[in-house]
Amino acid sequence: MKKVLAIAGSDSSGGAGIQADIKSISANQAFAMTVITAITAQNTRGVMSIENVSNEMIQKQLEAIYEDIIVDAIKIGMVSRESTIKIIANHLDKFKAKVVLDPVMVSKSNHLLLEKVAIESLIVDLIPKAFLITPNLMEARELTGVDINNFGDMKRAAIKLHKLGAKNILIKGGHLPGPEAIDLLYSEGKFHTFSSEFINTNNNHGTGCTLSSAIASNIANGQSLYQAVKHAKEYITDTLRYGFKIGQGVGVLHHLYKLKEKI
Ligand code: PLP
């Protein structure tokens, strides 16, 4: 069993963050391990509070893993603040594993998950160490300054992200209007598109976390980048298709829809 390390924040409501990562990695047939960077108190209506895990404890979690376990791929999600980014960046090379970086900035409920002042450090310290970064349109705009309103803008933003040091870039186009959700991969000078039916649902909490963890798992399992993204896109589309409500606000994905008939 290949091992995937998720470095991310905890979501008490279980739909996003490290909880989504564990479910997505498990559903994509890898073994999930975690370094928790922050704890959020949140439910389906929003984020109430965030407490950052101390830098010392983040470092100890990272050391505990790399001193003992060979990690096959890493996914990075919510990193919350600049000092956390620096600690993670200082330890990443020791793992010798491909890193999928989801540059989480703001929750769908509009709560800041990355301090504004930390964006520069994300660009300088983490992006160059990532094998793949997976921004949504808002995050791509924040990182590049490109205002993205169409597919051409997505391509321009991808090239800019490459110039910032990102090896491979997947810009998620799900928020552009249209009957399809089209994602754009820029890799080795070439563009690839992945389109799926747009699932019009409010049960979509944690899509970014889930997708990046699925890609990391597929990479850990030996898939090419193209195949890893293609299969993760198919997976996220089905988790959206089978999503459901757990509270009064935004619903969740069905990470384990493949077990559905058996429950
Ligand atoms: N909470 C945590 C801890 C997260 O890491 C994320 C991930 O992006 C979110 C919330 C945001 O999820 P969403 O954008 O689906 O609300």
Side-chain angles (χ1 to χ4, degrees), residues 4-25 32-53 58 61 74-81 84-85 88 99-116 118-119 122 126 130 132-143 170-175 181 183 198-216 232 235-237 239-255:
V4 175
L5 175 62
I7 304 175
S10 164
D11 166 7
S12 53
S13 67
I18 212 94
Q19 288 79 358
D21 297 332
I22 294 172
K23 289 175 232 185
S24 175
I25 293 165
M33 303 176 294
T34 61
V35 166
I36 298 183
T37 54
I39 299 174
T40 71
Q42 65 177 295
N43 59 27
T44 64
R45 292 186 294 205
V47 179
M48 284 86 215
S49 184
I50 298 178
E51 189 165 309
N52 292 314
V53 171
I58 291 171
Q61 292 177 78
I74 297 174
K75 169 254 154 85
I76 301 178
M78 176 186 177
V79 285
S80 199
R81 58 183 173 161
T84 299
I85 292 173
I88 295 168
V99 175
V100 178
L101 171 64
D102 184 22
V104 174
M105 293 182 188
V106 183
S107 71
K108 286 197 186 76
S109 55
N110 234 353
H111 205 96
L112 219 55
L113 300 175
L114 177 72
E115 291 172 358
K116 280 269 177 203
I119 292 179
L122 192 80
L126 270 190
L132 174 71
I133 65 165
T134 62
N136 61 25
L137 297 179
M138 188 281 293
E139 291 154 355
R141 184 180 308 131
E142 196 68 42
L143 292 168
L170 180 71
I171 301 186
K172 298 169 287 188
H175 293 109
D183 298 343
F198 180 79
I199 311 279
N200 192 5
T201 174
N202 193 33
N203 301 328
N204 59 5
H205 181 49
T207 44
C209 312
T210 300
L211 181 79
S212 53
S213 283
I215 296 172
Y235 171 68
I236 195 83
T237 305
T239 63
L240 280 161
R241 199 185 307 282
Y242 295 111
F244 51 95
K245 272 175 86 71
I246 59 166
Q248 294 155 55
V250 177
V252 295
L253 310 173
H254 196 328
H255 291 95

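Order of listing sets the numbers, starting from 1, for every ligand and every atom in it. The basis for the numbers below is simple: all heavy atoms, side chains too, and nothing from hydrogens, waters or symmetry mates. All values reported here derive from a predicted model rather than from experimental measurement.
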Taking the side chain as everything from C-beta on, heavy atoms only, tell me whether L143 gets closer than 4.5 Å to M105. yes
Put together the list of close N/O pairs, under 3.5 Å, between ligand 1 and the protein, could you?
unit_1, atom_1, unit_2, atom_2, d
ligand 1, 1 (N), Q42, NE2, 2.7
ligand 1, 14 (O), K108, N, 3.2
ligand 1, 15 (O), K108, NZ, 2.7
ligand 1, 15 (O), H205, ND1, 3.3
ligand 1, 15 (O), G206, N, 2.6
ligand 1, 16 (O), K108, N, 3.0
ligand 1, 16 (O), H205, ND1, 3.1

Does one side chain, of E115 or S80, offer a donor that lies under 3.5 Å from an acceptor on the other? no
Donor + acceptor pair across side chains of D11, H205 (<3.5 Å): yes
Side-chain H-bond candidate by donor/acceptor type, K245 with T44, under 3.5 Å: no
Among pairs that include at least one residue of residues 13-23, which meet salt bridge (charged side-chain N to carboxylate O under 4.0 Å, His left out), considering only residues two or more places apart or in two chains? D21-K75
Take T239 and I236, measure what side chain to side chain contact (heavy atoms under 4.5 Å, CB included) needs, and give me the verdict at the end. CA-CA 5 Å; T239 63; I236 195 83; 3.8 Å; yes
